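Below, read A as the first sequence line, B as the second, and so on, with proteins coming before strands; counting in each chain starts at 1. Bear in mind that the values here come from a model prediction, so they are computed numbers and not experimental data. Values below: every heavy atom of this structure, side chains too, minus hydrogens, waters and symmetry copies.
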2 protein chains.
Amino acid sequence: MKEGPDIALIGSLIGDPARANMLTALMGGRALTATELATHAGITLQTASSHLSKLEAGGLLSQRKQGRHRYYQLAEDEVGLMLENLMGFAASRGMNRHRPGPKDPALRKARVCYNHLAGDYGVRMYDSLLAEKQIEISGDDLALTSAGQSRVEALGIDYSALTKSRRPICRTCLDWSERRSHLAGSLGEALLTLFIDKGWAKREANSRAIRFTANGEKAFSELFPQ
Amino acid sequence: MKEGPDIALIGSLIGDPARANMLTALMGGRALTATELATHAGITLQTASSHLSKLEAGGLLSQRKQGRHRYYQLAEDEVGLMLENLMGFAASRGMNRHRPGPKDPALRKARVCYNHLAGDYGVRMYDSLLAEKQIEISGDDLALTSAGQSRVEALGIDYSALTKSRRPICRTCLDWSERRSHLAGSLGEALLTLFIDKGWAKREANSRAIRFTANGEKAFSELFPQ
DNA sequence: GGGATGCTTCGATTACGATCGAAGTATGAA
DNA sequence: TTCATACTTCGATCGTAATCGAAGCATCCC
């Protein structure tokens, strides 16, 4: 009867509090087991199982069996981007589940957005890359320049591996805390992995917050001057 | 218990089919009365009234009384942008309420996205403005250049009026059909209004489709060469 | 094998919200 | 004033989906 895509379906998937909790937990970027997700959502395993199959059927989650565990994660980058966008909208309306607590500043400073860096640090990195013309905007797409490519390879990232996947290498994602863009895509993921592998940053347990070490802060500032 | 904004609330608002229909109808950009929205959603006036107050409480809709009518519209640009984003996601998953009908091509060619031009024509306009450096990207924000400003004034748009509102003048919005950016913000709205005022384009009744006249197509191609 | 863990399926309960009829309020027209 | 239109509020019904207990299947460990 009506034209256009069906937003009610996705809306109702996200609209259940238990499912929303699971999705928020998965925004941490790690793949989580059904039991872990049940705990996050505060429901029993049976209920969680039912929710998870619905989310999978809706294309929001993907699943892989490993031994007797089932690991769930967001199906694609796009899911993470969409959720972050929704969070941005909700935050701008002051719809918060918790009173702004001590953890909040840490989240605003640096956090993981599905699989890449977000928050103040994410925005700083994005702006710096753009200012130094290592990424550039063409239309809606974001592209790595040749200068950017050699820079990235100098950092020890395997550029050719990035090109092999079907995912876009660079992509913008809107920040709910900063309301600015930061870098998503396979390069965004590779950079965050790099920071952690080098010991510059650590992920806090049970949180999306990322804590930079003193050395890490220094290295980051040198790599991405403001 | 969990950190971050509450996406379940918005999700559940959008998740009800009746409400989703109303929101989709309002993506047409016109303010509609409660009765009209009830018809769009296929429900009685009482039920619609209940839904509308929920949407208003959730910050998705705003309302103004005019005589004995109540006109509802999307509360802000951001609501339209968020919905378009959701539609993009839903469309990419093939979640469509209707089988692709004859109306579809018209929608893909040119349609209204809340209050500005979307579809192929929207993207072409955006790309052209960007290529001729009349708008430029800085960080996440889109800005009108001085060249763009004089160009816009030459078209007969009151630029100073645009600056007076708190809304951003330029803004990008992601297209669900083209999966590319097009121009939103008060300038996007002003341009669409201009096309219609000049008789270059007409809005189809009960649809988001925009039909360009032969003259309109010509003028549009001259204004925004590819 | 036996037992433990991780998860799914089934079935029954429950609770919430969508729905509409009926009645009430406000605005406009005659 | 009287009637009609536009909408809201109240109250009752009804359906659906979330929830969990119990049982079943799969995997791993000993």
Side-chain angles (χ1 to χ4, degrees), chain A residues 1-2 6-26 30-73 75 95 97, chain B residues 1-2 6-26 30-73 75 95 97:
Chain A
M1 172 176 179
K2 301 290 173 297
D6 186 6
I7 51 176
L9 222 157
I10 314 173
S12 64
L13 280 177
I14 303 176
D16 179 81
R19 286 194 290 260
N21 282 338
M22 295 180 170
L23 290 171
T24 321
L26 288 170
R30 297 184 229 257
L32 299 175
T33 67
T35 326
E36 287 170 323
L37 288 168
T39 322
H40 273 282
I43 51 178
T44 63
L45 192 53
Q46 307 95 293
T47 321
S49 178
S50 146
H51 284 310
L52 287 170
S53 51
K54 279 173 198 172
L55 287 171
E56 200 187 353
L60 294 184
L61 296 188
S62 68
Q63 171 217 23
R64 64 169 189 277
K65 261 176 105 166
Q66 213 166 89
R68 49 183 167 181
H69 293 277
R70 284 210 182 175
Y71 284 95
Y72 286 90
Q73 59 185 357
M95 295 169 167
R97 249 175 311 181
Chain B
M1 170 175 177
K2 302 290 174 297
D6 186 6
I7 52 175
L9 220 157
I10 315 173
S12 65
L13 280 177
I14 304 177
D16 179 81
R19 286 195 288 260
N21 283 336
M22 295 180 170
L23 290 171
T24 320
L26 288 170
R30 296 184 231 257
L32 299 174
T33 66
T35 326
E36 286 170 324
L37 287 167
T39 322
H40 272 281
I43 50 178
T44 63
L45 191 53
Q46 306 96 294
T47 319
S49 177
S50 148
H51 284 310
L52 287 170
S53 51
K54 279 172 197 172
L55 287 171
E56 200 187 352
L60 294 184
L61 297 188
S62 67
Q63 169 217 23
R64 64 171 189 278
K65 259 176 105 168
Q66 212 167 86
R68 51 182 164 180
H69 292 277
R70 284 208 183 176
Y71 284 95
Y72 286 89
Q73 59 186 357
M95 295 170 167
R97 249 175 312 182

L32(A) atom CG is separated from dG6(C) atom P, nearest whole Å, by 14 Å
Which is true for Y72(A) with a 4.0 Å heavy-atom rule: it touches a base, it touches only sugar-phosphate, or it touches nothing?
sugar-phosphate
May I have the distance from E36(A) (atom CD) to dG6(C) (atom P), rounded to whole angstrom?
10 Å
Minimum heavy-atom separation for A48(B) and A38(B), please, with both atom names.
CB-CB, 3.6 Å
Whole angstroms only, please: what is the NE2-P distance between H69(B) and dT25(C)?
21 Å
Spacing between I14(A) atom CD1 and dA17(D) atom P, to the nearest angstrom
17 Å
Figure out the CD/C1' separation between Q66(B) and dG28(C), and round it to whole Å.
14 Å
Send over the distance from L37(A) CG to dG6(C) P, rounded to a whole Å.
14 Å
Evaluate the side-chain proximity of I43(A) to M22(A): yes if any heavy-atom separation is below 4.5 Å, no if none is.
yes
Answer yes or no: does a side-chain N or O of R70(B) lie under 4.0 Å from OP1 or OP2 of dT8(D)?
yes
What is the distance, to the nearest angstrom, from the CG atom on L52(B) to the P atom on dT9(D)?
12 Å
So CD of Q73(A) and CG of L32(A): to nearest 0.5 Å the spacing works out to 9.5 Å
What nucleotide among dC29(D), dT9(C), dT5(D) has an atom nearest to a side-chain atom of S49(A)?
dT9(C)
Which atoms form the tightest heavy-atom contact between Y71(A) and A31(A), and what is the distance?
CD2-O, 3.6 Å
With a 4.0 Å cut-off on heavy atoms, is T33(B) in touch with a base, just the backbone sugar-phosphate, or nothing at all?
sugar-phosphate
Encode nucleotides 10-19 of chain C as B, S and - characters from 5' to 3', where the letter depends on protein heavy atoms closer than 4.0 Å: B to the base, S only to sugar-phosphate, - to neither.
--------SB
For A18(A) and D16(A), the nearest pair of non-hydrogen atoms, with its separation, is N-OD2, 3.0 Å
Smallest heavy-atom separation, L26(B) atom then Y72(B) atom, equals CD2-O, 3.4 Å
Taking dG6(C), dA4(D), dT8(D) as options, the one with an atom nearest any side-chain atom of R68(B) is dA4(D)
Nucleic acid contacts - residues 58-65 of chain B versus DNA chain D, non-hydrogen atoms under 4.0 Å:
none
Just list the side-chain donor-acceptor pairs under 3.5 Å for residues 51-65 of chain A, sequence neighbours left out, or say none.
residue, atom, partner, partner atom, Å
H51(A), ND1, R19(A), NH1, 3.1
S53(A), OG, S49(A), O, 3.3
S53(A), OG, S50(A), O, 2.9

Straight-line distance of I14(B) CD1 to L13(A) CG, nearest 0.5 Å
12.5 Å
